[in-house]
Amino acid sequence: MATVSDSRLQQQPSQKDAADQNFDYMFKLLIIGNSSVGKTSFLFRYADDSFTSAFVSTVGIDFKDTAGQERYRTITTAYYRGAMGFLLMYDITNQDSFSAVQDWATQIKTYSWDNAQVILVGNKCDLEDDRLIPTEDSQRLADELGFQFFEASAKDNINVKQVFERLVDVICEKMNETMEGDGSPVANHKDPNLQDSPAEGHSSCAC
């Protein structure tokens, strides 16, 4: 089993900021994957449009990260509850991180909602000369798992915004399907407590 790595929530606004924001829905999103695949860099590229290669393994920064050690497993798995979407990330230059994708997918299936949406992300596509994971192999695995797939680069800002936007799109699509079917909310509707109860039913779609 691969070493358990960071699980990341989307940045949580302060109480004052949250009160000032006008939103219809709030989704809990996690970025998971082995240590050093670039999760922190990917998140900071999206949130702040910044990049640094100086990140170290993170424990409990503003995004409620947990680091890649086994002793944090119980904390990490607690974050899975109520998550609407996952970015399952590996490093295209690291075979171990790709080999661990199946294990991470199993954790998602075990600890999250049945209808949680997942996108497989091959990070560091700027390092083409160091590539160990062919794009075709990644696409094949994504198809087998029922996930959508992107290659991306936090460093060169390739597909970062697109990945997050696509994940939100598929969550909204699933939310609309569920609400049309039984009227049950599957995301926060101006209430962070709504997302802690799994939606009824099971969907084979995990795109």
Heavy-atom pair with the smallest gap, counting every atom of Val160 and Ala154: CG2-CA, 4.1 Å
Taking the side chain as every heavy atom from C-beta outward, state whether Tyr90 and Asn34 have any pair of such atoms under 4.5 Å apart. no
Verify the cluster assignment for Leu127 and Phe42: are they in a single hydrophobic cluster under the rule of side-chain heavy atoms below 4.5 Å apart? no
Residues Asp143 and Arg140 bridged, charged N to O under 4.0 Å: no
Do Asp169 and Arg166 have side chains that approach each other closer than 4.5 Å (heavy atoms only, starting at C-beta)? yes
Within the distance-only criterion (no hydrogens, no angle test), does the side chain of Ser112 pair as donor or acceptor with the backbone N or O of Ala83 below 3.5 angstrom? no
Please report the interatomic distance CG(Asn94) to CZ(Arg131), rounded to the nearest 0.5 Å. 13.5 Å
Taking the side chain as everything from C-beta on, heavy atoms only, tell me whether Leu141 gets closer than 4.5 Å to Glu144. yes
Would you confirm whether Gln117, through its side chain, and Asn115, through its main-chain N or O, come within 3.5 Å as a donor-acceptor pair? yes
Test Val37 against Asn123 for side-chain contact (heavy atoms from CB on, under 4.5 Å), laying out the working first. CA-CA 7 Å; Val37 298; Asn123 195 28; 5.6 Å; no
Would you confirm whether Lys39, through its side chain, and Met89, through its main-chain N or O, come within 3.5 Å as a donor-acceptor pair? no
How long is the span from the CD1 atom in Ile133 to the CD atom in Glu151, to the nearest 0.5 Å? 10.0 Å
Under 3.5 Å: donor-acceptor pair, side chain of Lys28, backbone of Arg81: yes
Which pair of non-hydrogen atoms, one from Ala152 and one from Val121, has the smallest distance, and what is that distance? CB-CG1, 4.0 Å
Leu167 versus Leu87, closest heavy-atom pair with distance: CD2-CD2, 3.6 Å
Is it true that Leu43 and Ile158 fall in one hydrophobic cluster, defined by side-chain heavy atoms closer than 4.5 Å? no
Residues two or more places apart in sequence or in another chain: which of them pass ring-ring contact (aromatic ring centres under 6.0 Å, His included) with Tyr46? Phe164
Straight-line distance of Arg45 CZ to Asp156 CG, nearest 0.5 Å: 8.0 Å
Can the ring centroids of Phe86 and Tyr80 be said to lie less than 6.0 angstrom from one another? yes
Show, in sequence, the C-alpha distance, side-chain angles and deciding distance for Phe149 and Thr135, and conclude whether the side-chain contact (heavy atoms from CB on, under 4.5 Å) test is met. CA-CA 10 Å; Phe149 167 66; Thr135 302; 3.9 Å; yes
